[in-house]
Amino acid sequence: MLTAALLAVPGITALSSAARAADADLAKNGGFESGLDNWSCSASSGTTVKSPVHGGSSALQATPAGNDYAQCAQTVTVKPNSQYSLGGYVRGSYVYLGASGTGTTDVSTWTQSAPDWQRLTTSFTTGASTTKVTIYTHGWYATGAYYADDISLTGPAVDPGQPPTTPTGLAVGTITSSSVALSWSAVTGATSYAIYRDGVKVQTASGTSATVSGLTAATAYSFQVTAVNDAGESAKSAAVTATTSTGSGPSTGLPTHALVGYLHASFANGSGYTRLADVPDSWDVIDLAFGEPTSATSGDIRFNRCPVSECANVESDADFKAAIKAKQAAGKKVLISIGGANGQVQLTTTAARDTFVSSVSNIIDTYGLDGLDIDFEGHSLSLDASDTNFKSPTTPVVVNLIAALKTLKAKYGSKFVLSMAPETFFVQMGYQFYGTGKFGGQDPRCGAYLPVIYALRDDLTLLHVQDYNSGPIMGLDNQYHTMGGADFHIAMTDMLLTGFPVAGDTTNVFPALRPDQIAIGMPASVNAGNGYVAPAEVTKTLDCLTKKVSCGSYTTHGTWPTLRGLMTWSINWDRYSNWEFQKTFDGYFG
């Protein structure tokens, strides 16, 4: 018996060694050397970085945002009734590594603090009918970025079979100035598809269609698609070509590149009063600041010109109207800007909506203006707790404003110039937060301009977000960007021209606007507002966005030579600073 037992031991050892020899690492691209291939990250929160890394040349960086804790996952084919070991290296605070769908007990492990690379490991046994498990890593709410690298899932391998056949039927659908829609025939056995632009893989799709965005206007592109399954990737399909449109929206008479400025018409401050006739010809759009309501909820907008007691050199009404006509004869656009820091406008009722339309119309007709600028700040726009979809808003102040602007646009026709000047908090901050959020407690004003911009996107002439007086804002690289340099303007503008998921929901994307609709809002001088940038930084911003040079550390998602231009607060402050902002614009665009 002892001899038999001793003979049995080598046999057991041999079987155990054979089992280990059959094990394999089933995690694909666990070192993130191929970007995010095979990984799906929630809320566009994941990216790959070159530093810090544990092994190889890349690692995962993912940043929790809002109600999303930045999970990145992949689904792996496994054998039933089998033992698997999951491991990986992480760093950051509150990093999790786990597996779900095991068919037995799902597992996870985590660390509260990993200032340097730390290995996490766990294991599980698959259920009797389990053939797929999902492995993942994630952080925790509002705890900052985390990193992961060299993730492995070791256990019995499954014969993956053959890669899928090459897709056929690739066709081009809707084309815009910045996007191309593609579709193709389904491939049996494919679990996903990879889309290539000019030979470079740019995105993946689970179905048989996709829209490639972030493209340059009036540019030809070549596209191919491959089919993917557990065994690998097929050969590339036959190529199709598409040329994006020129990007020109409705004709409004604006030059290709326009300089936009606000003129203090109803008040004076340290910059002094500037007569409209004295505004140089470089200014293509002049926003008269401001029309204000008789009360926050009345909708009754009045434009009161600066009194002589405050503005000693103010022109007469007759001279003011004559100056408007002279500017228009020279091809300039003169608008009434509604709101400003002191003009809270809340259209809480349909009566206020109708009063807004009639009172604004009266101002436009009285002075013969070209259009309207919406500069709602403060508490003018705020979302109800139940209003969670920017594409179908329900909050009265939002719904009524949209209806009022559509009415005004319809009344004055296609040449009516409609512009908006929201703060970053109301637009780009919507990438992280929208309204009160899923769990409440957030500022209900966050992202509140998004439904207005979205509803008016085909009527909107210009959007010039105020890239000043702003806190740090997270860009599409999931890094926070701060005022004071070209980086902030580049990141904020790239978001508008690329589009972004709202509140981290990748199924609810705020679509890109046309480059001819975008002007970048900057303060004219250090006196005009926080966030002033020197002329060299203005030039860097324009170089990056229109030529994709001088971009610094931020990588844009496209190049937009037809970007409309620049906006500044204000013409008065620029005059006070010897026209520095105007000279920078003229020097760049001619």
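Residue numbers count from 1 along this sequence. Treat the numbers as computed from the prediction; the structure is a model and nothing was measured. Quick note: numbers below take in every heavy atom, side chains included, and nothing from hydrogens, waters or symmetry partners.
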Subject >> Pairing residues for Ser179 by the side chain to side chain donor-acceptor pair (under 3.5 Å) criterion, not counting sequence neighbours >> reply: Thr176
Original post:
Is the shortest heavy-atom distance from the side chain of Asp467 to the side chain of Met483 under 4.5 Å?
Top reply: no
Original post:
Going by distance alone, is a donor N or O of one side chain under 3.5 Å from an acceptor N or O of the other, for Asp494 and Tyr554?
Top reply: yes
Original post:
Does the Gln517 side chain pair with the main chain of Arg457, one donor and one acceptor, at a distance under 3.5 Å?
Top reply: yes
**OP:** Sequence neighbours left out, what passes side-chain contact (heavy atoms from CB on, under 4.5 Å) with Ser58? Give chain and number order.
**Re:** Glu33, Lys50
**OP:** Report the residues that fulfil side chain to side chain donor-acceptor pair (under 3.5 Å) with Glu537, sequence neighbours left out, ordered by chain and then residue number.
**Re:** Lys540
Original post:
If we ignore angles and hydrogens, is there a donor and acceptor under 3.5 Å between the side chains of Asp516 and Thr562?
Top reply: no
Subject >> Check: Trp140 ring centre within less than 6.0 Å of Tyr146 ring centre >> reply: no
**OP:** Determine, stepwise, if the pair Leu566 / Met522 fulfils side chain to side chain contact (heavy atoms under 4.5 Å, CB included).
**Re:** CA-CA 7 Å; Leu566 301 177; Met522 302 177 174; 4.2 Å; yes
Original post:
Taking side chain as C-beta onward, heavy atoms only, is Tyr84 less than 4.5 Å from Val78?
Top reply: yes
Subject >> Over 12 non-hydrogen atoms of neighbours within 6.0 angstrom of CD in Gln162 >> reply: no
Original post:
Ser192 pairs by side-chain contact (heavy atoms from CB on, under 4.5 Å) with which of Asn38, Val228, Asn229?
Top reply: Val228
Subject >> Ring centroid separation His138 to Tyr69 under 6.0 Å >> reply: yes
Original post:
Does the side chain of Tyr431 pick up a donor-acceptor pair with the side chain of Asn478 at under 3.5 Å?
Top reply: yes
**OP:** State, without any angle test, whether Tyr480 and Gln432 hold a side-chain donor-acceptor pair at a distance under 3.5 Å.
**Re:** yes
Original post:
Between the side chains of Ser386 and Asp384, is a donor N or O closer than 3.5 angstrom to an acceptor N or O?
Top reply: no
Original post:
For Gln224 and Ser237, does a side-chain donor sit closer than 3.5 Å to a side-chain acceptor?
Top reply: no
**OP:** With sequence neighbours excluded, give me every disulfide (SG to SG under 2.5 Å) pair touching residues 62-107.
**Re:** Cys41-Cys72
Subject >> Distance-only donor-acceptor check, side chains Lys132 and Thr77, under 3.5 Å >> reply: yes
Subject >> Distance in Å, Asp150 CG paired with His54 NE2, rounded so as to fall on 0.5 Å steps >> reply: 6.0 Å
Original post:
Hey, does the side chain of Ser152 reach the backbone of Thr154 with a donor-acceptor pair shorter than 3.5 angstrom?
Top reply: no
Original post:
Can you tell me if Thr47 and Gln61 form a side-chain donor-acceptor pair at under 3.5 Å?
Top reply: no
Original post:
Going from OG1 on Thr493 to CG on Leu542, what distance comes out if it is rounded to the nearest 0.5 angstrom?
Top reply: 9.0 Å
Original post:
Taking 4.0 angstrom as the limit, do Lys201 and Asp37 come out as a salt bridge?
Top reply: yes
Original post:
How far apart are the C-alpha atoms of Thr226 and Glu233, what are their side-chain angles, what is the distance that settles it, and do they pass the side chain to side chain donor-acceptor pair (under 3.5 Å) test?
Top reply: CA-CA 7 Å; Thr226 63; Glu233 187 174 358; 2.5 Å; yes
Original post:
Any side-chain heavy atom of Tyr193 sitting closer than 4.5 Å to one from Thr208?
Top reply: yes
Subject >> Partners passing disulfide (SG to SG under 2.5 Å) against Cys446 (at least two apart in sequence or in another chain) >> reply: none
Original post:
Got a sec, which residues hit side chain to side chain donor-acceptor pair (under 3.5 Å) with Tyr136, two or more places apart in sequence or on another chain?
Top reply: none
Subject >> Gap separating the CG atom of Leu26 from the CD atom of Gln74, nearest 0.5 angstrom >> reply: 9.5 Å
Original post:
Is Tyr468 close to Asn530 at the side-chain level, that is, under 4.5 Å between some pair of heavy atoms?
Top reply: no
Original post:
Distance only, no hydrogens: is a donor on one side chain within 3.5 Å (strictly under) of an acceptor on the other, for Thr424 and Ser470?
Top reply: yes
Subject >> Criterion side chain to side chain donor-acceptor pair (under 3.5 Å) on Asp106 and Ser100, from CA distance to verdict >> reply: CA-CA 5 Å; Asp106 291 349; Ser100 61; 5.0 Å; no
Original post:
Cationic tip of Arg197 within the cone over Phe223's six-membered ring, i.e. under 6.0 Å and within 45° of the normal?
Top reply: no
**OP:** Measure the shortest side-chain to side-chain distance between Leu120 and Tyr96 over non-hydrogen atoms and say whether it is less than 4.5 angstrom.
**Re:** no
**OP:** Using a 4.5 Å cut-off on heavy atoms from C-beta on, say whether the side chain of Tyr141 contacts that of Tyr94.
**Re:** no
